[in-house]
Amino acid sequence: MKTITDSSFHEEVTTHKGHVIVKFGADWCRPCREMDKIILTIDADIGTKVKIVSANVDYCHVNAQKFGIQLVPALVAFKDGKINAIKSG
């Protein structure tokens, strides 16, 4: 699972053709670290069909704010650069 920042978000997510799941989290968040284990398993299984990236809210705060992320962990699903779904908390 690739880690992205505000500066790489556009290139990695909004210009990507196809499905992208962004996991917003933080190093200090225990549930985020637990979710990483699940996400890594999913990435290993479907990583060729769906791009999965991780965005640390401490380094990707502009985009976290843009998408209304107030609780972590949060998942945001994109298709062809447009939001399909958001789930947080």
Side-chain angles (χ1 to χ4, degrees):
M1 176 171 44
K2 184 174 188 174
T3 300
I4 61 171
T5 63
D6 279 329
S7 62
S8 62
F9 194 94
H10 178 72
E11 177 185 341
E12 295 291 337
V13 179
T14 56
T15 61
H16 183 77
K17 297 295 179 200
H19 296 279
V20 179
I21 295 174
V22 180
K23 190 224 49 158
F24 284 93
D27 294 338
W28 46 261
C29 170
R30 185 172 180 205
C32 298
R33 291 191 306 269
E34 292 298 316
M35 183 180 277
D36 280 347
K37 295 174 188 174
I38 297 167
I39 296 287
L40 287 171
T41 301
I42 293 169
D43 191 28
D45 290 341
I46 64 168
T48 58
K49 298 176 185 168
V50 177
K51 183 177 184 177
I52 301 174
V53 296
S54 177
N56 185 318
V57 293
D58 293 329
Y59 307 108
C60 202
H61 58 276
V62 171
N63 283 289
Q65 215 172 23
K66 178 179 177 180
F67 300 113
I69 305 302
Q70 297 179 357
L71 298 171
V72 291
L75 296 175
V76 182
F78 291 82
K79 182 178 180 192
D80 298 331
K82 296 184 180 7
I83 292 178
N84 273 352
I86 298 176
K87 176 64 180 160
S88 66

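Nothing fancy with the numbering, it's 1 onward along the sequence.
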When clusters are formed by joining ILVMFWY residues with side-chain heavy atoms under 4.5 Å apart, either directly or through shared neighbours, do [X] and [Y] land in the same one?
| X | Y | answer |
| --- | --- | --- |
| I21 | F24 | no |
| L40 | V50 | yes |
| I46 | I38 | yes |
| Y59 | F9 | no |

Using every non-hydrogen atom in the two residues, find where [X] and [Y] come nearest and quote the distance to one decimal.
| X | Y | value |
| --- | --- | --- |
| V13 | V53 | CG2-CG2, 4.2 Å |
| K23 | D36 | NZ-OD1, 2.6 Å |
| N56 | A26 | OD1-CA, 3.9 Å |
| T5 | S7 | OG1-OG, 3.0 Å |
| M1 | I52 | CG-O, 3.8 Å |

### Summary
Rounding to 0.5 Å, atoms NE2 (H10) and OG1 (T14) come to a distance of 4.5 Å
### Message
Between D58 and W28, is there a side-chain heavy-atom distance shorter than 4.5 Å?
### Response
yes
Output a table of donor-acceptor pairs, distance under 3.5 Å, between side-chain atoms of residues 61-84 and any protein atom two or more places apart or on a different chain; print 'none' if there are none.
from: N63; atom 1: ND2; to: D6; atom 2: OD1; distance (Å): 2.8
from: D80; atom 1: OD1; to: G18; atom 2: N; distance (Å): 2.7

### Message
Go through it in stages, so that I can follow the logic: the residues are K51 and K2, the test is side chain to side chain contact (heavy atoms under 4.5 Å, CB included), and I'd like the CA-CA distance, side-chain angles, deciding distance and then a yes or no.
### Response
CA-CA 9 Å; K51 183 177 184 177; K2 184 174 188 174; 5.5 Å; no
